[in-house]
Every structure is written in structure tokens, then in C-alpha cells.
Amino acid sequence: FKHNDELKVECAQLGEQGGELSNPDGSLRWISPTCVETHKPLALYYGRDGPIQCSVKAEDTFHETMLRAITFDHALRCRVARNKLKFTQYMELSVRVEGVRVRGGKTAMRRIAGNFNAVFHGLQGNLVSGSIYPVMDQPLPETVSGVTTMQFNQKWYEGTGLSVLMANKRHEEEFVIEPVVAIMFCILTACIVYVVGRVYVEGSLIPRALKEHRDEKDKAQKEFDAQASATNE
């Protein structure tokens with residue numbers, strides 16, 4: 001991946017009894033929410049820190065799956081691609097969906113809490129690890145039009161540790177001077193120094209030295225003439 005490439009997020013669809021649904025060939029039925037903001041499936045962005053907002057309509061299949069995950073206390077099995085190779089490998093994530101009680105509603109009624117942290121690690125353009133988990137301190141409310149708003153706060157790290165933020169590493173790489181550029185810069189600097197030095201020597205230093213020499217010669221000539229005149233007298 002390159003910086004800001006999209007990483008589509010898919011999750012296994014849950015049935016009415018809370019079990020994961022399969023296709024006729026036995027593979028899991030992977031679905032992704034269609035975001036109202038972009039009219040595209042939910043996607044993270046490689047190497048880009050910051051929030052991503054995705055609002056999902058109530059009739060969206062993914063919205064129903066999230067509600068079932070809350071009802072049956074079943075974490076969603078999700079996945080994102082590790083790279084952009086022809087035979088893509090996926091990294092699976094266990095994403096828990098939390099519910100919040102409806103104000104003034106019945107105790108059993110819940111809606112989706114929409115805040116998530118998305119922490120990922122990449123190495124040389126490949127996704128190596130990551131996690132998406134809910135944050136309950138400031139749940140986003142569901143709008144009156146039946147749309148659940150989710151916000152994913154992204155943070156990317158270079159490598160498997162927590163010491164190098166990918167954003168910082170990218171800024172450092174942007175300021176790295178290539179060897180050829182460095183050599184050209186040195187040659188240009190040397191040329192500028194040579195031109196400035198030559199202009200100073202030829203335009204100021206040499207004329208001043210010649211003037212001082214002429215002045216000393218004229219002074220010596222005057223002293224000689226004065227001595228010669230005094231001798232004749």
C-alpha cells in the first residue's frame with residue numbers, strides 16, 4: 001500500500017439467531033456498510049491518522065448485523081487486506097459492538113454506540129497487525145432519520161512497536177536529501193562562492209591594492225623631487 005490508499009473493512013454477516021452466515025460454497029458472507037457520506041463501502045486509509053466518519057442507514061444489512069451483535073453479545077469477525085497483491089491475504093479482526101440505552105425508552109431497547117479506535121501497524125506498505133475497538137466515553141447518537149453514525153479514530157505505527165508513528169516517519173522521509181541532489185547542491189554552492197569571490201577580488205580588492213601602490217609611488221616621487229630641488233638650490 002501507499003500512503004492514503006483505501007483499506008476496505010468487511011465483516012461476516014450475522015443471521016437472525018446471531019450465527020455467522022455462509023455462502024453456498026461454504027465461505028463466510030462478508031459485508032461492508034455503505035457510508036452515507038461517500039456512497040462507498042467503509043474503508044480505512046493506510047498511514048493516515050485522524051477520524052473517519054461513516055453513517056449507515058437502518059435498512060443497511062450491516063446495520064442489522066451490528067444490532068444482532070449487540071443482542072447476542074457476539075463480536076463481529078471482520079477483515080482487511082494486508083496488501084494489494086494479486087492473491088490478497090487478509091487480516092482478521094474481532095470487533096466488539098457496544099450498545100447504549102435509549103433515553104426514556106424501555107430497558108431492553110438499545111442502539112449502537114458509534115465511537116471506535118482503529119490502531120494499525122504497517123511495514124513497507126504491508127499491514128502487519130491492527131485492532132478496532134469501541135470507545136464508550138462519548139457515544140455518537142443515532143439521528144432521527146434512522147441513521148447510525150460511526151466514527152473511527154485512526155492511528156498508524158511503522159513496524160510492530162509503538163515508538164514510531166507512521167506520520168512522523170513519512171515527514172522525515174520527505175526531508176531526506178538524495179545523494180545526487182546533495183552533490184548538485186555542493187557543486188552549486190561552490191560555483192556561487194567562486195563567482196562571489198572573483199567579483200570581490202577583481203572589483204574591489206585588486207583596484208584598492210593598485211590605488212594604494214600608485215599613491216605610495218606618487219608620494220615617493222614627490223619626496224625624491226623635493227630632495228632633488230633642495231640639492232640644486
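Model, not experiment: these values are computed from the prediction.
- A continuous path of Ile, Leu, Val, Met, Phe, Trp and Tyr side chains, each step under 4.5 Å between heavy atoms, connects Met91 with Val95, placing both in one hydrophobic cluster.
- For the residue pair Pro33 and Val9, the shortest heavy atom distance occurs at CD-O, 4.5 Å.
- Taking all atoms of both residues into account, the shortest heavy-atom contact from Ile70 to Gly99 is CD1-CA, 3.8 Å.
- Here the closest heavy-atom approach between residue Leu14 and residue Thr65 is recorded as N-OG1, 3.5 Å.
- The two residues Asp49 and Lys155 make their nearest non-hydrogen contact at OD1-CA, 3.4 Å.
- For the atom pair CZ of Arg68 and CD of Glu20, the computed distance is 13.0 Å after rounding to the nearest 0.5 Å.
- The only member of Gln89, Glu92, Glu10 that meets side chain to side chain donor-acceptor pair (under 3.5 Å) when paired with Arg79 is Glu10.
- The local environment of CD in Glu37 is crowded, with over 12 non-hydrogen atoms from other residues, nucleotides or ligands closer than 6.0 Å.
- Separating the CD atom in Glu16 from the CG atom in Leu21 is a distance of 9.0 Å, to the nearest 0.5 Å.
- Checked against Ser55 for a side chain to side chain donor-acceptor pair (under 3.5 Å), the options Asp60, Thr38, Thr149 give a single hit: Thr149.
- Of the N and O atoms on the side chains of Arg48 and Asn4, at least one donor lies less than 3.5 Å from an acceptor on the other residue.
- Judged by distance alone, the side chains of Tyr46 and Asp5 never bring a donor and an acceptor atom under 3.5 Å apart.
- Going from atom NZ of Lys86 over to atom OG1 of Thr88 covers 11.0 Å, rounded to the nearest 0.5 Å.
- Rounded to the nearest 0.5 Å, atoms CG (Leu42) and CD (Glu6) are 10.0 Å apart.
- A donor atom on one side chain and an acceptor atom on the other are not found under 3.5 Å apart for His39 and Thr34.
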Open item on the list: Working note: Gln154 + Leu44, criterion side-chain contact (heavy atoms from CB on, under 4.5 Å); need CA distance, chi angles, decisive distance, verdict.
Closed with: CA-CA 8 Å; Gln154 289 189 121; Leu44 304 176; 3.1 Å; yes
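- Put simply, the side chain of Lys8 does not reach to within 4.5 Å of the side chain of Trp30, judged on heavy atoms.
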